[in-house]
Structures are given as C-alpha cells and as structure tokens.
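If you read the sequence from its start, that first residue is 1, and numbering goes on from there. Below, all heavy atoms of this structure are taken into account, side chains as well, without hydrogens, waters or symmetry copies.
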Amino acid sequence: MAGGIGSRFWPMSRSHKPKQFLDVLGTGKTLLQQTYERFAKICPPENILIVSNLDYRALILEQLPQILEQNVLCEPMRRNTAPCIAYANAKIALQNPNANIVVAPSDHLVLDQEKFVKDINLGLDFISNSDAILTLGITPSRPETGYGYIQVGKESPVGNGIRLVKTFTEKPNLDIAKVFVESGEFFWNSGMFLWNLQTIQNAFKDYLPEVSELFNKNTSAYNTPQEQAFIEATYSACPNISIDYGVMEHAKNVNVLCTEFGWSDLGTWGSLYENSDKNDDNNVLQGQRIITYDTQNTIVRSEGNKVAVVQGLEGYIVVDTNDVLLICKKDDEQQIKQFVNDVKIKFGASFE
C-alpha cells in the first residue's frame with residue numbers, strides 16, 4: 001500500500017511526493033524501495049503488487065524500474081485501506097484464486113530483515129493451512145500514543161507466538177497506553193496482515209458486502225483498457241473505510257503473531273528521531289551544513305547547501321525545505337496536521 005500522503009511528516013513529505021518516495025533515513029534508498037527489497041526475499045518480484053494513487057504512478061515506476069507496469073494498481077482517489085485491499089484482491093483472484101497474501105504499508109521501518117522474513121514465512125505457513133486472518137503485533141517498548149494496540153488472548157493451537165485477538169484499540173491517550181504496556185496483554189498494531197484470498201474475500205462479503213460487490217461487479221474489465229474507467233466509477237461509489245474498522249474489528253477468526261523485528265511506522269518526526277543515530281548532545285542532524293549550540297534532544301533537517309545554525313533548543317523539530325521552515329516542539333508534533341491545514345488555507349494548496 002503506497003497511497004498515503006504522510007502529512008505528519010510535513011514539510012518534507014508533501015502531497016506531490018509523500019514520505020514513501022523519500023530517503024528519510026539517509027540510506028540512499030527510499031522507504032518504498034526498501035519495502036520492495038524486503039518482499040523480493042519472500043516471493044517472486046512478479047507477485048508484488050503496489051496499490052497507490054494515480055498521481056504517483058510515474059514516481060513508482062521511476063523508483064522501481066524492475067516492477068511490472070501492470071503490477072502498479074492506480075487508485076483515482078483516496079478511500080482508505082479497505083477499498084485498496086479489495087482492488088488488489090480482485091486482481092489477484094484472476095491470477096490465483098487460492099493465493100496467500102501479505103498486505104503491508106510501503107513506508108515502515110524494519111531493522112531486523114532476517115527476523116522479518118522468518119516471521120512472514122511463518123505467517124504464510126499458518127494462513128495457508130487455516131481459515132484465519134493474521135496480523136503482526138509488535139512488542140511495545142514504550143507507551144506510544146501514536147499507534148493502535150491489539151489485545152491478545154489465549155495462544156493458538158499452532159503455537160509459534162500466534163495468539164487469538166481479543167480487541168483492537170485505536171490510538172489511546174498516554175495514561176491508557178501506560179496501562180496497556182504494563183499489562184503485557186497489548187501489542188502495537190503494525191498494520192500488516194496475512195490471509196488466504198478465499199478467507200479475506202469471505203470476510204468482505206460478510207462485513208463489507210457493498211465494497212465486495214463494487215469491485216466484483218465487472219471482473220471482465222480487469223487487465224483491459226477499460227480497467228481504469230471501471231475503477232474510477234467503483235471508487236466514486238466506494239465508502240471511505242479502513243480494513244481495521246471494516247473487517248478486523250468484526251471478524252471472529254483474527255489471530256496475531258506477536259513479534260519484534262525493529263519495527264516503526266515512521267509516522268512522525270519523533271519516530272524518525274527515535275530510530276536515527278544521535279550525536280553526543282542527543283541530536284539528530286540531517287544535512288551537510290548544520291551547527292548547533294546549547295541544543296539537545298533535537299532533530300534538525302536542512303536541505304541543500306544552506307547553512308543552519310541552531311542555538312538554545314531542547315526537544316525540538318527543525319525542518320527547513322526550499323519553501324517551508326518548521327520549528328515545533330517534539331512533544332507537540334501531533335499538531336503538525338493542523339499546521340498543514342492552516343498553511344493550506346492561508347497560503348494555498350501548493351504547500352500541502
């Protein structure tokens with residue numbers, strides 16, 4: 001899934017080039033490229049589908065020249081994750097009605113690649129032998145308020161760290177997050193899912209029948225010149241709904257593989273700060289010409305050859321692009337979405 005706009009990563013992530021298309025970690029590869037390479041170790045490259053907004057098709061083909069053009073599925077508008085998944089399911093069904101599927105965001109960080117591949121293969125083995133939906137739950141390292149949580153129940157008969165899901169909880173406040181972490185029963189919701197095609201198709205029919213019907217209304221249009229017109233009409237009629245709300249919170253056959261492979265959704269500047277190398281002052285400096293004085297626990301990113309001098313900050317985010325300067329307390333970074341809206345209203349949509 002590569003269609004998000006990453007607004008909490010503004011002003012580096014913009015609607016014309018969101019964070020999945022950026023090298024936010026300074027590795028020389030974008031997050032999309034890193035995700036593709038992870039999955040190329042798990043399945044044949046021709047089995048990797050990328051679902052994204054039509055506006056990003058050229059970017060995807062530029063960054064992944066090895067991808068088959070027909071494997072880039074273009075959404076005409078944003079309708080959240082359930083329609084995105086339904087579209088991919090419909091395409092996969094024509095190729096292999098018994099396919100085993102992994103759904104993953106394109107913009108997450110995975111530090112332990114070997115453990116990730118092992119866990120995905122374990123999960124694929126599980127869902128290929130059971131009528132079950134599997135999600136990946138990450139062992140929490142702190143009471144994070146920016147993630148959803150999964151409460152786990154008893155262990156699945158298959159073992160291997162797989163347990164039944166009790167509840168899903170969206171982003172809690174700090175006090176509740178602390179209770180979750182201390183209980184040992186809650187894991188971060190990674191947003192990655194595994195299922196057999198038949199299992200997820202049945203779940204859509206049960207819990208999101210209107211979405212299922214829309215994408216299966218005219219399957220003869222797929223893989224023809226009429227596909228994009230059919231998809232545009234389908235998305236226009238489609239509700240805006242996530243797979244979590246639409247399916248996961250209702251299904252009775254949801255399991256979770258509890259694991260840890262150095263995961264972060266890299267959804268915020270704070271999460272980038274946590275996962276980046278720091279200097280002696282606990283600062284993360286991303287740029288060629290940055291000098292700090294009396295500054296600690298701060299992330300500074302400056303593009304191009306501009307010299308950035310930062311003095312007297314503690315716990316801040318400083319991001320300087322060619323047309324925007326952001327200075328914000330790390331503790332207040334959840335307000336960045338509001339900043340984007342306000343800037344867009346006052347100065348125009350080009351700043352989104």
Anything under 3.5 Å between a donor and an acceptor, one on a side chain of residues 186-194, the other on a protein residue two or more places apart or in another chain? List them.
unit_1 : atom_1 : unit_2 : atom_2 : d
Trp188 : NE1    : Tyr149 : OH     : 3.3
Asn189 : OD1    : Gly191 : N      : 3.1
Asn189 : ND2    : Asp244 : OD2    : 3.3
Ser190 : OG     : Leu136 : O      : 2.8
Ser190 : OG     : Met192 : N      : 3.2

Atom pairs and distances, donor-acceptor, side-chain atoms in residues 34-41, under 3.5 Å, two or more places apart:
unit_1 : atom_1 : unit_2 : atom_2 : d
Gln34  : NE2    : Thr27  : OG1    : 3.2
Gln34  : NE2    : Lys29  : O      : 3.3
Thr35  : OG1    : Leu31  : O      : 2.9
Thr35  : OG1    : Arg38  : NH2    : 3.2
Thr35  : OG1    : Ser106 : O      : 2.9
Glu37  : OE1    : Lys29  : NZ     : 3.0
Glu37  : OE2    : Lys29  : NZ     : 3.1
Arg38  : NH2    : His108 : O      : 3.4

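Aromatic rings from Tyr245 and Tyr207 are positioned such that their centres are separated by 6.0 Å or more. Centroid-to-centroid, the aromatic rings of Phe230 and Tyr222 come within less than 6.0 Å.
For Gln288, the CD atom counts as loosely surrounded, since its 6.0 Å shell holds 12 or fewer non-hydrogen atoms of other residues, nucleotides or ligands. By the 6.0 Å contact criterion, CD on Glu114 is open, its count of non-hydrogen atoms from other residues, nucleotides or ligands being 12 or less. Counting non-hydrogen atoms of neighbouring residues, nucleotides and ligands closer than 6.0 angstrom, the NZ atom of Lys17 reaches no more than 12 such neighbours. More than 12 heavy atoms of other residues, nucleotides or ligands shown are found within 6.0 angstrom of CG on Asn98. Heavy-atom contacts from other residues, nucleotides or ligands closer than 6.0 Å to CD of Gln95 number 12 or fewer.
Between the CD1 atom of Ile138 and the CZ atom of Phe261 there is a distance of 4.0 Å, given to the nearest 0.5 Å. Separating the CZ atom in Arg8 from the OG atom in Ser13 is a distance of 10.5 Å, to the nearest 0.5 Å. Rounded to the nearest 0.5 Å, atoms CG (Leu272) and NZ (Lys19) are 9.5 Å apart. To the nearest 0.5 Å, atom OG1 of residue Thr234 and atom CG of residue Asn216 are 9.5 Å apart.
Checked by atom type and distance alone, the side chain of Thr298 pairs as donor or acceptor with a backbone atom of Tyr316 at under 3.5 Å.
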Between Glu69 and Leu61, is the side chain to side chain contact (heavy atoms under 4.5 Å, CB included) condition met? List the steps.
CA-CA 7 Å; Glu69 288 194 31; Leu61 294 173; 4.0 Å; yes

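Thr167 and Gln151 share a side-chain donor-acceptor pair at under 3.5 Å.
Of the charged side-chain nitrogens involved, none lies within less than 4.0 Å of a carboxylate oxygen, so that Arg142 and Glu274 do not count as a salt-bridged pair. Using a 4.0 Å cut-off between a side-chain N of Lys or Arg and a carboxylate O of Asp or Glu, Lys252 and Asp206 do not qualify as a salt bridge.
Tested against Ile133 for a side-chain contact (heavy atoms from CB on, under 4.5 Å), the candidates Asn255, Asn196, Val247 yield a single pass: Val247.
Between Gly137 and Ile150, the shortest heavy-atom contact is CA-CD1, 4.4 Å. The heavy-atom pair separating Ser271 from Thr268 by the smallest distance is OG-O, 2.7 Å. In this structure, Ala99 and Ile92 approach most closely via the heavy-atom pair CB-CG2, 3.6 Å.
Residue pairs satisfying the side chain to side chain donor-acceptor pair (under 3.5 Å) criterion with at least one member in residues 170-183, sequence neighbours excluded, are absent.
Taking hydrophobic clusters as Ile, Leu, Val, Met, Phe, Trp and Tyr residues chained together by side-chain heavy-atom distances below 4.5 Å, Phe21 shares a cluster with Leu64.
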